[in-house]
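Residue numbers start from 1 in every chain, and the chains themselves are labelled A, B, ... in the order their sequence lines are given, proteins ahead of strands. The basis for the numbers below is simple: all heavy atoms, side chains too, and nothing from hydrogens, waters or symmetry mates. This is a predicted model, so every value here is computed, not measured.
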There are 4 protein chains.
Amino acid sequence: MSKPREEKYQLILDAATEAFAEYGYFSCQVSKIARLAGVADGTIYLYFKNKEDILVSLFSERMGQFIQRIRHDVILCQTTQERLSTIVQTHLRYMQENRSLAVVTQIEVRQSDPQIREAISGPLREYFQLIEQVLAEGIEKQEIVLSDIKVGRQMFFGTLDAVISDWVISKKPRSLVGVEDTVIDLIRGAFKIKD
Amino acid sequence: MSKPREEKYQLILDAATEAFAEYGYFSCQVSKIARLAGVADGTIYLYFKNKEDILVSLFSERMGQFIQRIRHDVILCQTTQERLSTIVQTHLRYMQENRSLAVVTQIEVRQSDPQIREAISGPLREYFQLIEQVLAEGIEKQEIVLSDIKVGRQMFFGTLDAVISDWVISKKPRSLVGVEDTVIDLIRGAFKIKD
Amino acid sequence: MSKPREEKYQLILDAATEAFAEYGYFSCQVSKIARLAGVADGTIYLYFKNKEDILVSLFSERMGQFIQRIRHDVILCQTTQERLSTIVQTHLRYMQENRSLAVVTQIEVRQSDPQIREAISGPLREYFQLIEQVLAEGIEKQEIVLSDIKVGRQMFFGTLDAVISDWVISKKPRSLVGVEDTVIDLIRGAFKIKD
Amino acid sequence: MSKPREEKYQLILDAATEAFAEYGYFSCQVSKIARLAGVADGTIYLYFKNKEDILVSLFSERMGQFIQRIRHDVILCQTTQERLSTIVQTHLRYMQENRSLAVVTQIEVRQSDPQIREAISGPLREYFQLIEQVLAEGIEKQEIVLSDIKVGRQMFFGTLDAVISDWVISKKPRSLVGVEDTVIDLIRGAFKIKD
DNA sequence: TATGAATGAGGTTTCATTCAT
DNA sequence: GATGAATGAAACCTCATTCAT
């Protein structure tokens, strides 16, 4: 009995991801999500408290999954350089495979509505902490040079974010995978990682 | 005769910047802007076609000013390193002095409502081109090492963007000026600029 | 399942007829129609695209019904004189029984807002064609004398229209049925119909 | 000092006639009239109490002039037949020469807004009375046969009204003068005027 | 007298949410 | 659980009218 419930929950979340990506959170009506999910408008409210709850759930579900994947890949690495390269690769590839999620992330990370931003900040903060941990460990082991961990993370995340932002906006994007090496190279230079 | 017209135009734009920054574009009613500007609701529409036009005008006006300032500062520089450092400094200081503009910029650049994004993209693209010009010249003069100009610009802008984004979201932000040196240092490393 | 939908559609159309008749199209707010129909404002928009669509639908629905009735009555007639008399009678009686429709018809047929007029013209043109057909047949069979069919129709319709217009405007109107004979008599004279 | 006042008053009335004819009373903004008249919006209110007053003034001024012209032409006639023919001719020709007035008349005669209708009814009633006088005299002198004066007037006016209505709506209208003879012929038949 | 920028009441329409079926 | 018709609050925008210049 709980299986179909979970299924429809995910179905709606998938639909919402597509719909938010295409129209933006505010310009996307709940009825559009319902139609895309193949359910009635009212059904949405059996699974979510309100429209905002859809967005927030979408974030913790999908971003949570994303972070878990990255965390899993990072654990297998030996050096800081490997860890950073892995994050770059996994981040870009994951977003490339989940374009709509990438779009939603781009849009909604910066939502100014304080309530929404607060609700969203959880998973993102978790990701930031993961990056900062890697950086801290790198400094400690003298594998990288960095005078301010937070700024280091901002550079690291900001670069990936900007790359994806351009990719998302661009109508004819080149593959994200193609820029991996350049990104990694720039980051290695920034953190003074030796060859 | 045209002075007071221009004055009120700027007054409304200032009010809109504050209001959009506080509530976000969609959650901010036109009446809020009007009240903040000390004018009647209808007066807004003597100066702007509609709500979207306020946002778009805000962008081209204020971002245009911002880019002009950066362009002016960059012209005075001799080396690529100086140019990049100048952009970092001017960018961060300008945003620090215009927090509300920074908020709006951070938020609305990524608005996915396609119409709005299109309208906004102009000034931003201009800024991107400026950065890319500096990078291209740096490569040519062998002052920097960079295999892909676009990715270089993404790293450069993305870093600044992430720094400001954190600063804007943070309730008790440290001064942006304090991170200038770290940012410049990271970028010099990324572009392999010698001391 | 479709019954209640049709019912409410007609309910709103009835309310709109009353409301437009009392206040005129422009001076009548949608909320007035809603209140009269006993539904919420928003409900109106589940059945009609917008305010104008209400008026247009009202016209094609009600006028269509009106024309059908006349067409039905005309078919049973043998002579042109009978046909013309029947149209006069049915027209006047129908309007007398549907005063609000008469008011709306009188008022809105001539709306100069070009968009509205265009939308409304369909059913009216159909009625004009019916009259002109009867006249053409009458001429052919030499039952009437008329040098210009269009002008003949204008006289025929214009007379009925003016009679109803006066009746509608008048606060204490005499019955429309009372003038039937005079109208028929005038028209018989105009078209030189022998006794 | 009173001359230019009168001039501008007429100027605005002319502009209003054009503007009402093109857009209809409700869809025509006061500012449009002002622009057409070449005066400021506020100036309108030095000459007219409000928008409605423009329409009402337009009516009594222009229709008054129209009726006066008809009255003048009718006085010169000897027989009822001449009088009726003269009214038909003058009516059609006047409207043909003043198309915008014709349009406004068509539209606004039927305004359902009770206040407006009341204000307009004056000049129109005067015209109706003139027609009814002619008919009454015709009956008395046994020049025409008519059992109900009011219905007779309705037929007479309604016919002219419908002719003009079609002419006004039609994009490529035939000249109104061309139908004069047919109209007169029909009316002579209706009133049983001998040759 | 003339101006036209400013006003602000009020209208149409949208859409998140509810609830009877 | 599922539906989707109905709700009604609230937003954007228009435009007749005013009034300081």
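In this entry the distance linking OH of B:Y45 with C1' of E:dA9 reads 15 Å, nearest Å. Rounded to whole Å, the distance from OH on D:Y23 to C1' on F:dC15 is 15 Å. Computed from coordinates, the D:F48 CZ to F:dT18 P distance equals 16 Å when rounded to whole Å. Nucleotide F:dC15 holds its C1' atom 16 Å from the CD atom of D:E52, rounded to whole Å. Separating the CD atom of A:Q29 from the C1' atom of E:dT17 is a distance of 14 Å, rounded to the nearest angstrom. Look at CG on B:N50: it is 15 Å from P on F:dC15, rounded to the nearest Å. Nucleotide F:dG8 holds its P atom 13 Å from the CZ atom of C:R35, rounded to whole Å. Atom P of nucleotide E:dT1 and atom CD of D:E6 are separated by 13 Å, given to the nearest angstrom.
Minimum heavy-atom separation, D:D41 to D:A34: OD1-CB, 3.4 Å. A pairwise comparison of heavy atoms in C:L36 and C:A15 identifies CD2-O, 3.4 Å as the closest pair. Between C:L13 and C:R62, the closest heavy-atom pair is CB-NH2, 3.6 Å.
A side-chain donor-acceptor contact under 3.5 Å links D:K51 to the backbone of D:Y25. Judged by distance alone, with hydrogens and angles left aside, the side-chain atoms of B:R99 form a donor-acceptor pair with the main-chain N or O of B:V168 at under 3.5 Å. D:T105 places a side-chain N or O within 3.5 Å of a backbone atom of D:L101 that can act as its donor or acceptor partner.
Within the 6.0 Å centre-distance limit, the rings of D:F48 and D:Y9 are counted as a close aromatic pair.
Stacking of B:K8 on the aromatic ring of B:Y47 is not recorded, the 6.0 Å distance cut-off and the 45° axial limit not both being met.
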Quiz: residues 52-61 of chain C side-chain donor-acceptor pairs under 3.5 angstrom, not counting sequence neighbours:
{"from": "C:D53", "atom 1": "OD1", "to": "C:S57", "atom 2": "OG", "distance (Å)": "3.4"}
{"from": "C:D53", "atom 1": "OD2", "to": "C:K49", "atom 2": "N", "distance (Å)": "2.9"}
{"from": "C:S57", "atom 1": "OG", "to": "C:D53", "atom 2": "O", "distance (Å)": "2.6"}
{"from": "C:S60", "atom 1": "OG", "to": "C:V56", "atom 2": "O", "distance (Å)": "3.2"}
{"from": "C:S60", "atom 1": "OG", "to": "C:S57", "atom 2": "O", "distance (Å)": "3.4"}
{"from": "C:E61", "atom 1": "OE1", "to": "C:Q10", "atom 2": "NE2", "distance (Å)": "3.1"}

Quick test: give all pairs of protein nitrogen or oxygen and nucleotides 3-5 of chain E nitrogen or oxygen below 3.5 Å, distance rounded to 0.1 Å.
{"from": "E:dT3", "atom 1": "OP2", "to": "D:A40", "atom 2": "N", "distance (Å)": "3.1"}
{"from": "E:dT3", "atom 1": "OP2", "to": "D:T43", "atom 2": "OG1", "distance (Å)": "2.4"}
{"from": "E:dG4", "atom 1": "N7", "to": "D:G42", "atom 2": "N", "distance (Å)": "3.1"}

For this session: Go ahead and write out DNA chain E as dot-bracket, 5' to 3': ( ) for pairs within the strand, [ ] for ones crossing earlier pairs, | when the partner sits on another strand, dots for unpaired; Watson-Crick or G-U wobble, both distances under 3.5 Å.
Result: .||||||||||||||||||||

